[in-house]
Enquirer: 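Here you go, one structure.
Ligands are counted one by one from 1 in listed order, and the atoms in each one are counted from 1 as well. By convention here, the first residue in the shown sequence is residue 1.
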Amino acid sequence: MNVKLIQLQKHGDDRGSLIALEDQKNVPFTIRRVYYLFNTKDDVRRGCHAHKNLTQLIIAVRGSCRFLLDDGKEKITLTLDNPAQGLIVESMMWREMYDFSEDCVLLVLADAHYEEEDYLRSYDEFVKNAAK
Ligand code: T46
């Protein structure tokens, strides 16, 4: 399955930590959009869609949440709980996020602007497209 967890270099000293994100350097694409998810209730599932053509880097800059990733053939689950770890999610990957900690802030860097037409929000439609 095409899922990568990348380690981000932490610059730390006795004042605290800092992580820099630079496109085409530690972010493997040109950054066209940045958004963040916060104040998510712990009993909800977010995502529940795939993208036809979008690569994203997702970082839990605070708190934690679980991910279910499904490429139409295989499913995996993982926890994001480390601000120095980035999850790369490519196109045609069904994602669901759940078990958000109260303080969770998910930072997302994307290689394209927001386009509702890029979303596959029906699982059946996603599976049909993934099989092509
Ligand atoms: C993803 C996961 C990790 C915008 O207007 N612009 C944007 O850039 C985005 C991402 C969303 N929106 C609007 C569309 C909806 O009215 O914000 C609302 C919530 O979006 P959505 O329900 O798609 O959010 P999530 O948390 O289910 O999914 C989001 C991203 O959409 C998705 O690409 O991979 O976060």
Enquirer: Does the pair Lys41/Asp43 count as a salt bridge with the N-to-O cut at 4.0 Å?
Expert: no
Enquirer: Could any protein non-hydrogen atom be found less than 4.0 Å from atom 20 (O) of ligand 1?
Expert: no
Enquirer: Work out which heavy atom in Tyr123 is nearest to a heavy atom in Asp70; give both atom names and the distance.
Expert: OH-OD2, 2.5 Å
Enquirer: Determine whether Glu116 and Arg121 satisfy the following criterion, salt bridge (Lys or Arg N to Asp or Glu O under 4.0 Å), listing intermediate values before the conclusion.
Expert: CA-CA 10 Å; Glu116 187 53 42; Arg121 293 195 184 269; 2.8 Å; yes
Enquirer: What is the nearest protein non-hydrogen atom to atom 32 (C) of ligand 1, stated with its residue, atom name and distance?
Expert: His49 NE2, 3.0 Å
Enquirer: Would Asp124 and Ser122 count as having a side-chain donor-acceptor pair, cut-off 3.5 Å?
Expert: no
Enquirer: Would you mind running through ligand 1 and noting each atom that sits below 4.0 Å from a heavy atom of Gln56?
Expert: 1 (C), 33 (O), 34 (O)
Enquirer: I'd like to check which ligand 1 atoms, numbered from 1 as shown, lie under 4.0 Å from a non-hydrogen atom of Arg95.
Expert: 1 (C), 34 (O)
Enquirer: Taking the minimum heavy-atom distance to atom 2 (C) of ligand 1, which of Met97, Met93, Glu115, Arg121 ranks first?
Expert: Met97
Enquirer: Can you tell me which residue and heavy atom of the protein come closest to atom 26 (O) of ligand 1, and the distance to 0.1 Å?
Expert: Arg46 NE, 2.8 Å
Enquirer: So is there a nitrogen or oxygen of Gly47 less than 3.5 Å from a nitrogen or oxygen in ligand 1?
Expert: yes
Enquirer: Going by distance only, is there an N or O of Tyr119 that falls short of 3.5 Å from an N or O of ligand 1?
Expert: yes
Enquirer: Report the part of Val89 in contact with ligand 1, treating N, CA, C, O as backbone and CB onward as side chain, heavy atoms under 4.0 Å; options are side chain, backbone, both, neither.
Expert: neither
Enquirer: May I ask you to list the atoms of ligand 1 that are less than 4.0 angstrom from any heavy atom of His51?
Expert: 32 (C), 33 (O)
Enquirer: Can you sort out which atoms of ligand 1 are near Arg33, meaning under 4.0 Å from one of its heavy atoms?
Expert: 7 (C), 8 (O), 9 (C), 10 (C)
Enquirer: Would a 4.0 Å cut-off, counted as strictly less than, catch a protein heavy atom around atom 17 (O) of ligand 1?
Expert: no
Enquirer: To which protein heavy atom is atom 29 (C) of ligand 1 closest, and what is the distance rounded to 0.1 Å?
Expert: Tyr35 OH, 3.8 Å
Enquirer: Anything under 30° is parallel, anything over 60° is perpendicular, the rest tilted; go ahead and classify Tyr119 against Tyr114.
Expert: perpendicular
Enquirer: Return yes when atom CD of Glu102 has more than 12 non-hydrogen atoms of other residues, nucleotides or ligands closer than 6.0 Å, and no otherwise.
Expert: no
Enquirer: Among protein heavy atoms, which sits nearest to atom 12 (N) of ligand 1, and what does the distance come to when rounded to 0.1 Å?
Expert: Tyr114 CE1, 3.8 Å
Enquirer: Side chains of Thr77 and Arg66, heavy atoms from C-beta outward: is any pair under 4.5 Å?
Expert: yes
Enquirer: Taking Asp111 for its side chain and Gln56 for its backbone only, find out whether a donor-acceptor pair lies under 3.5 Å.
Expert: no
Enquirer: Give a yes or no answer on whether the side chain of Lys52 reaches the backbone of Glu117 with a donor-acceptor pair at less than 3.5 Å.
Expert: yes
